[in-house]
> 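This is the structure, below, for whatever I ask next.
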Amino acid sequence: MDTAEELAKQQRSISVAEFFEKNRQILGFDSAPRALITCVKEAVDNSLDACEDAGILPDIFVQIRRAGELYRVIVEDNGPGIVPSEIPKVFAKLLYGSRFHVLRQSRGQQGIGISAAVLYSQLTTGKPARITSRTSPERPARYVEVMINTAKNEPEIIREEDIDWERPRGTRVELDIEGSYVRGRRQSVYSYLKNVAIVNPHARITFVEPDGSTEKFERATELLPKRAYEIKPHPSGIELGELTKMLRYTERRKLSSFLKESFSSIGNIAAQEIIQNSGLDPSMDPRSLDYDQSKRLFEALRRIKLKSPPVDCLSPIGEDLIRSGLAKEYRVDFIATVSRPVSVYSGNPFVVEAGMGFGGELDRNGRVEILRFANRVPLIYQQGACAITHAIEGVSWKGYGLDQPGGGLPVGPAVILVHVASTNIPFTSESKDAIADIPEMLTEIDLALKEIGRKLRRFLAIQETLSERREKEEIIGRILPRMADKLADMLGLERPDISRVVARIMGNVLVRREIEQEDGRLRVCIEIENNTSSQRSFKLHEILPVEAEDLDPPARRVDMGDRYDYQWRIAIRAGERMAVRYMIKNHLQRMPEAVVEGLEPEIVTGARVLSDA
Amino acid sequence: MHDPESRLLGIARSLYDQFRDGTVPHLVLPTRTKKNIEYSTEDDVWVYGDQESVRSVKTIRGAKTLLKTVHLIDLLVKEHLRGNRASTLREIYYISENWDLAKFAEQAESDRLIEDLEIITGLQREDFHVRPEEDGAAVFGPLRIRERTRRGEREIHCQEDIGEAGYQIPFNVDFVEFLEHDARMVIAVETGGMYARLIENGFDEEFDAILVHLKGQPARSTRRFIKRLNTELGLPVAVFTDGDPWSYRIYASVAYGAIKSAHLSEHLATPDAKFLGVQPTDIVEYNLSTDRLTDRDLHALRAELTDPRFGSDYWQKQIQLQIDLKKKAEQQAFAGKGLDFVTKRYLPERLSELGMA
């Protein structure tokens, strides 16, 4: 026998289940603590997706219980339920799912997740998965115990029956697994659920830990996220093989209508241009294209400039919900959010959103906390390998007010959230832990972070000004008056007028009036000093009960019946001083305060300010 | 004669005038760091240089400090000078309890403000009736003095009329008058153990020495007393300390003045004072038992290399040697060679090197 024949004998197809049995790490079951998180994650992802598809506000119950040496994971939702005939395939057949062939954003994509969890449970404990599901209050709930036949990748039903269930609708998954429960770490079921709650503020999640303690992540909104719609593929991401497959199976009979109906972003004009560039006949039957013709069409498709794919296939969280999500899980002084416009990499539309919480109860000395999300799913492992982390490290945070000792992640009281939504998230591996460094994506994340940074810088600048202002108010309001009193008392002198010093310290416009007796008349001098950093123009009013004389500079006089309003137009440059003088007859009435019109009250010391209103 | 009240009120008046004239109230003081001390060739001591810092009410710190200064002046003028009372530095810190906004955060703050007032007025805290809480240190030797005490004058001979502990220096050294002496030198000793050893061994009698116990970093009164022994009686002074960086600072404050009180150097410093030991070279030469230098010690030694008071070749060499040795030795380490070694061998050798015996 030849070698080839010898080898051919050894070749046989292996089932996917067998394959994954030998490669469990790529699905996220590589360590005991991680396996537990992954099981919870797969079940919760399914629940959230199902609720959103059905337009139901998710109410998810997660419980982890010790069962002897094992852990029992229970995840229950109020979703639409699964029809009894589908239950075994959904949970016990790998690569069975409703989303793989559909181009729209969803958490699960490939129909592996939950059945992989079932498989893991089966491999480590030998026990079946126990599923309860109910689609309507009018029907009974279906209870199924199911296992996977790993050789055939087919479900094997151990037991099934109709049962009573207190929920009118929903699905409950119960798995026994070999795992290990950790808490208080970034990589724990608790923090995974907390992160889920942040980006799914429309969901209520109740979590019961093995020790019986219950944590409720309450919803922050009653609004469901915008539904993501299915779209047709965008030509710029298509591959030749995919194109030939589409050509062969299309129901269109003309090339031009095939192009318009099978792709997004192709209209009449674009279709004509593509066909012209490929030198083909628009009325050709798409199924009749040979390899060479297909290739020409492919080249033309790649070369043509088309508008971006439509965005309604994506479901970003939105700035408002990012804000409320962060606000409900972190106590901070400041939250900034950013939502970038839709962008495309290899034909896949994607959108980047970011949020930052700053100050409050966050740790001031440690590295910032990073929350990574892809299609609303928290990414917990392999932070160092992720494009989000790399983009954060690539920003120079010093300029935005965060320390960044030795480069890398910034240090300070901040939490940074980045969400990438796409019809196809480019993960670095099948375990979906980290987003690959796609240049278009890195650029978008970078732009989002810098926008957040600018908002942070603005916030910090305002805080700085406010605290300077407060400090100065403390000086002028409490310390200086005390000092002046004490000095006057000690020296046996009159209390000195501190208004000039106050105006200088505050950087204000000083308006200070001094009155002296002179030959039975009063000599009035109003000193004006501009301590601000720019020129100031305003009107100065003196409202007097008697007529004034020797006005210097001259003033406009408005008679007000029993009083006179003398008005000066003042223009004074930064740092300059001037004086307004006049004489009046001695009179017994108290002089009312001088009035300034046309300046903000905060920058005037020594006079009343006439408000604009 | 100086008038403390009018000088203190002068400070208050200048602040008052600044308010009246619309100048942001402030005080100008020499900068009190080692970067701003200079050698005064006139008095052979280290004094503050030309660098000045302005303390103004523009910042909240400055404003609070000036308010505290005003309160302090008020206390000194009204209670101390007009009421003829005195307080210790610590009492002043406690008195500020009632000044709310102007309360001192710690005693170091009120101590520093008192020093500031000394600098601005050119007076000493005794002039404001402020006294330190620590006692002056002790003196033992062939010296007869007269002290003016609250209960009358006392004549005391510092060997014959006192116990083994010696004569205690009062906080105001101006109340002491030197009557007569048979001394040829003054030895200032850092530790009580060595001071007692020298007395027990009869070193004061054998070498006609006045022994002064420094008690660690010496109080102003101790430094003033040594200064007067040196200038009024013409006695040479040698300082005998442990061999570590902190002890060199003790010597420096006796000989050159302290950074904190450089404004008083001309009253307190004895520029003629010599450093007797323990020198780093002694560690090698006498093979003394040693301890390892700690990180703090090393840090202090390196700081001294840049301190202008230790700028001489002698000190640069000694300090560098110690950094290389990474060792320090105590005065009492001589006991390892026998209890008489220090008086029979080490001190006579060192004093003859210094030209004092």
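Just so it is clear: chains get the letters A, B, ... in the order the sequence lines come, proteins before strands, and each one is counted from 1.
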> Hey, do the aromatic rings of B:Tyr93 and B:Phe104 have their centres closer than 6.0 Å?
no

> Select one option (side chain, backbone, both, neither) describing which atoms of A:Ile479 are under 4.5 Å from chain B's heavy atoms.
both

> What are the two closest non-hydrogen atoms of B:Leu75 and B:Ile95, and how far apart are they?
CD1-CG2, 4.0 Å

> Check A:Val511 against A:Ala594 and note the closest heavy-atom contact, atom names and distance.
CG1-CB, 4.4 Å

> Heavy-atom cut-off 4.5 Å, strictly under: side chain, backbone, both or neither for A:Leu510 against chain B?
neither

> For the atom pair CG (B:Asp127) and CZ (B:Arg125), what is the distance rounded to the nearest 0.5 Å?
11.0 Å

> Check side chain to side chain contact (heavy atoms under 4.5 Å, CB included) between B:Asp244 and all other residues, then give those that pass, not counting sequence neighbours.
B:Asp242, B:Trp246, B:Ser247, B:Lys328

> Just by modelled atom types, is the B:Leu264 backbone N or O under 3.5 Å from a matching donor or acceptor in the B:Ser261 side chain?
no

> Which heavy-atom pair separates B:Ser221 from B:Ile169 by the least distance, and what is that distance?
O-CG2, 4.1 Å

> Could you have a look at B:Val57, B:Leu66, B:Ile73, B:Val77 and say which one has the most heavy-atom pairs with chain A under 4.5 angstrom?
B:Val57

> Which one, A:Leu493, A:Ile498, A:Leu480, leads in non-hydrogen pairs under 4.5 Å with chain B?
A:Leu493

> Listing needed: what donor-acceptor pairs below 3.5 Å join chain B with chain A?
from, atom 1, to, atom 2, distance (Å)
B:Tyr16, OH, A:Glu494, O, 2.4
B:Arg20, O, A:Arg500, NH2, 3.4
B:Gly22, O, A:Arg504, NH1, 2.4
B:His71, NE2, A:Arg482, NH2, 3.1
B:Asp74, OD2, A:Lys486, NZ, 3.2
B:Lys78, NZ, A:Asp489, OD2, 2.8
B:Trp99, O, A:Arg482, NH2, 3.1
B:Asp100, OD1, A:Arg482, NH1, 2.9
B:Asp100, OD1, A:Arg482, NH2, 3.3

> Please round to the nearest 0.5 Å and tell me the distance separating atom CG of A:Leu456 and atom CD1 of A:Ile452.
9.0 Å

> Give, as side chain, backbone, both or neither, the part of A:Ile476 having an atom under 4.5 angstrom from any heavy atom of chain B.
neither

